[in-house]
There are 2 protein chains.
Amino acid sequence: MGTTLYRRVAEDIKAAIVSGSYQAGARLPSESELAARYGASRGTIRQAFAALVADGVISSRQGARRVVLGGPRLQTFNELVSFSRWARAIGEEPAGRVERMELRAANEDECAHLEVPLGSRVYHLTRVRYLSGRPVMIERTAYREPVGAMVAGMALDVVSITERLEDLGVIFADAEHQIDAVAATSEDARLLEVRSRVPLLRERRRTADPDGVMLEWSDDRYLGDAVAFTVRNSASVKALSRLPSQR
Amino acid sequence: MGTTLYRRVAEDIKAAIVSGSYQAGARLPSESELAARYGASRGTIRQAFAALVADGVISSRQGARRVVLGGPRLQTFNELVSFSRWARAIGEEPAGRVERMELRAANEDECAHLEVPLGSRVYHLTRVRYLSGRPVMIERTAYREPVGAMVAGMALDVVSITERLEDLGVIFADAEHQIDAVAATSEDARLLEVRSRVPLLRERRRTADPDGVMLEWSDDRYLGDAVAFTVRNSASVKALSRLPSQR
DNA sequence: TAGTGGTCTAGACCACCGC
DNA sequence: CGGTGGTCTAGACCACTAG
């Protein structure tokens with residue numbers, strides 16, 4: 001088999017949901033029925049269902065058939081970490097203009113978030129990102145070494161730094177996003193070509209590799225009327241938290 | 001056993017992480033070692049690890065020991081759906097003041113989100129929520145029948161509607177949150193006691209029962225400097241999406 | 001190359017749901 | 001009550017990591 005069996009089962013079910021064969025609220029086939037249909041054991045079918053539950057596509061309760069949840073419009077992890085990949089996925093043309101680029105000592109905040117010693121040097125980048133020619137976001141990103149050195153070696157006009165890093169063997173595996181609302185500073189307003197104090201959606205993100213080593217720490221500010229985030233969660237998937245702001 | 005074995009294993013590991021026995025980046029014991037320690041089969045231990053991966057506490061890759069990720073600051077699903085429960089969990093005193101309360105025909109937006117026919121009646125509630133006496137959020141919630149009728153029957157000064165509904169047998173199982181930034185309208189500003197056009201963090205939330213039936217649709221607006229949301233995700237947990245705003 | 005996690009099987013018993 | 005999902009076992013083989 002080219003891929004694994006349980007992934008194939010999960011993909012089949014997801015495809016059937018997207019195609020409309022199972023509407024929201026519909027009850028899915030039982031484990032034993034699918035096991036017979038695929039010639040697989042019950043455990044393999046359960047693994048497929050578990051993947052769909054984790055993605056928020058279906059819900060599951062003891063004794064009752066599994067049920068299709070509302071509109072699944074999920075993105076892959078890669079689309080979430082890379083602005084460029086996301087833009088292309090929604091049919092827009094991504095672009096970036098470098099505003100500032102520097103190798104300097106990390107400030108206290110950056111050291112804490114990147115989990116590096118005080119005084120470490122980090123590579124810092126400020127870019128304005130565009131969707132089909134319109135400025136929608138400012139990213140201010142600090143890269144930890146040795147990733148910073150790779151970024152420094154890239155041409156200034158590279159559109160997707162994330163994709164280039166992946167080509168170089170850097171693996172982004174886990175991210176923590178903190179989302180709140182702020183008023184545009186005068187610099188924000190100038191870069192986004194809007195008035196000062198306009199509401200911006202701020203996403204502060206830490207991305208780690210599979211060993212939990214922090215790779216980047218970014219402060220991204222989106223125009224409030226350009227972008228929204230959606231989160232799915234349930235009793236079994238605890239991905240979201242609400243925090244009192246401590247600033 | 002009072003609870004299930006795999007949950008106990010998962011709780012033990014999580015407790016060891018929280019207590020500092022395993023720092024961020026530390027490598028956890030192998031499956032076979034834990035299986036021997038608990039007298040359990042390998043499958044049970046894997047189930048425990050899978051729960052921790054779903055919660056974003058650890059990461060897992062073939063061939064290598066599992067690794068502890070950065071600080072786990074997760075909330076239960078219930079704390080996320082109920083403002084009151086969340087407030088108490090962070091040591092603040094929750095309160096609510098009802099601004100408006102009405103039973104009326106749902107508008108187009110509400111029908112779409114609650115998945116009820118056009119013209120259905122919904123119960124609509126506007127409340128200002130306080131943390132230790134300070135106004136921090138406005139909630140504008142539409143409840144679908146028959147939940148609406150239960151809400152209508154409650155005393156006006158009930159602090160936690162969600163908890164009262166749970167007492168009445170309503171199960172909140174799955175939620176979809178859409179998060180963006182907006183400027184305070186004049187009504188928003190009056191209710192939150194701030195100036196007009198101040199940046200607010202808006203959370204629009206649909207909550208469903210275990211069968212996927214929508215129960216409530218809410219537009220919650222937080223003071224930008226009072227609250228933030230955090231999301232954890234990874235290649236295996238796809239809970240977050242970024243959307244172009246369509247308004 | 002030895003150890004580890006990823007996948008899969010073929011059973012078993014129980015708790016819960018819906019008819 | 002029968003069907004269903006939740007839990008658990010005891011094996012097996014493979015792909016990958018790390019020393």
Side-chain angles (χ1 to χ4, degrees), chain A residues 1-13 22 25-54 57-69 169 171 173-174 209-213 234-237, chain B residues 1-13 22 25-54 57-69 169 171 173-174 209-213 234-237:
Chain A
M1 67 193 96
T3 177
T4 62
L5 178 53
Y6 86 88
R7 281 181 205 281
R8 219 196 104 208
V9 175
E11 282 310 312
D12 285 356
I13 297 172
Y22 295 105
R27 294 162 69 234
L28 291 167
S30 72
E31 296 175 356
S32 47
E33 183 182 334
L34 287 173
R37 190 187 304 174
Y38 284 93
S41 81
R42 204 182 140 213
T44 302
I45 304 299
R46 285 182 64 77
Q47 216 172 343
F49 276 133
L52 296 177
V53 169
V57 176
I58 64 174
S59 85
S60 189
R61 345 147 37 191
Q62 185 170 94
R65 290 270 182 110
R66 287 171 177 91
V67 160
V68 179
L69 292 174
I171 301 173
D174 185 86
D209 75 6
D211 291 328
V213 176
S234 67
S236 61
V237 179
Chain B
M1 66 192 96
T3 178
T4 62
L5 179 53
Y6 85 87
R7 280 181 204 283
R8 217 196 106 209
V9 176
E11 283 310 312
D12 285 355
I13 297 172
Y22 295 104
R27 294 161 72 232
L28 291 168
S30 72
E31 295 175 357
S32 47
E33 183 182 333
L34 286 174
R37 189 187 306 173
Y38 284 93
S41 81
R42 205 184 139 210
T44 302
I45 304 299
R46 285 181 63 78
Q47 217 173 342
F49 276 133
L52 296 177
V53 169
V57 175
I58 64 173
S59 83
S60 188
R61 349 152 23 198
Q62 186 170 88
R65 290 274 182 104
R66 287 170 177 91
V67 161
V68 178
L69 292 173
I171 301 172
D174 187 86
D209 76 6
D211 292 327
V213 176
S234 66
S236 61
V237 180

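A, B, ... follow the sequence lines: proteins, then strands. Residue 1 opens every chain.
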- Testing D/dT9, C/dC8, C/dG5 for proximity to the side chain of A/Tyr6, the answer is C/dC8

- Item | Interatomic distance, B/Glu33 CD vs C/dT4 P [rounded to whole Å] | 8 Å

- OP1 or OP2 of D/dA18 under 4.0 Å from side-chain N/O of B/Arg61: yes

- With the threshold set at 4.0 Å, does a side-chain nitrogen-carboxylate oxygen contact exist between A/Glu11 and A/Arg7? no

- Query: Rounded to the Å, how far apart are A/Ile45 CD1 and C/dC8 C1'?
  - Reply: 11 Å

- Message: Side chain of B/Thr44 only, heavy atoms from C-beta on: which candidate in D/dC8, C/dT9, D/dT4 is closest?
- Response: D/dC8

- Query: Looking for any heavy atom pair under 4.0 Å, which part of the strands does A/Phe49 touch: base, sugar-phosphate only, or nothing?
  - Reply: nothing

- Nearest to the side chain of A/Glu31 - C/dC8, D/dC8, D/dG5? D/dG5

- Check whether the side chains of B/Ser60 and B/Arg66 place a donor and an acceptor atom closer than 3.5 Å, and report yes or no. yes

- Roughly, in whole Å, what's the span from CG in B/Leu34 to P in C/dG3? 17 Å

- Query: Which whole-number value in Å describes the distance from B/Leu5 CG to C/dC14 P?
  - Reply: 17 Å

- Under 4.0 Å between a side-chain N or O of A/Arg66 and OP1 or OP2 of D/dG5? yes

- DNA chain D: B/Arg27 or B/Gln47, which has the more 5' nearest nucleotide? B/Gln47

- Item | A/Arg7 (side chain) and C/dG6 (base): donor-acceptor pair under 3.5 Å | no

- Task: Find the partner of C/dG11: check Watson-Crick (N1-N3 plus N6-O4 or O6-N4) and G-U wobble (N1-O2, O6-N3) distances, both under 3.5 Å, and reply none if neither fits.
- Result: D/dC8

- Query: Got a donor-acceptor pair under 3.5 Å from the side chain of A/Arg42 to the base of D/dG6?
  - Reply: yes

- When rounded to whole Å, the CZ to P distance for the pair A/Arg65 and D/dG2 reads 17 Å

- Nearest atoms (heavy-atom pairs only) where B/Tyr6 meets B/Ala48: O-CB, 3.4 Å

- Message: Whether B/Thr4 contacts D/dG6 is assessed here as follows: a side-chain N or O lying under 4.0 Å from the phosphate OP1 or OP2. Is that the case?
- Response: no

- Would you tell me if any nitrogen or oxygen in the side chain of B/Ser30 comes within less than 4.0 Å of OP1 or OP2 on C/dG3? no

- Message: Looking only at the side chain of B/Arg46 (C-beta and beyond, no hydrogens), which of the listed nucleotides C/dC16, C/dT7, D/dC8 gets closest?
- Response: C/dT7

- Point-to-point distance, once rounded to the nearest 0.5 Å, from CZ of A/Phe49 to CZ of A/Arg42: 11.0 Å

- Taking the nucleotide of DNA chain C with the closest heavy atom to each, which residue, A/Gln62 or A/Ala40, is nearer the 5' end? A/Ala40

- Note on the structure: Here the distance between atom P of D/dG5 and atom CD1 of A/Ile58, to the nearest Å, is 10 Å

- Message: Do the side chains of B/Asp211 and A/Arg27 get close enough for a salt bridge, i.e. N-O under 4.0 angstrom?
- Response: no

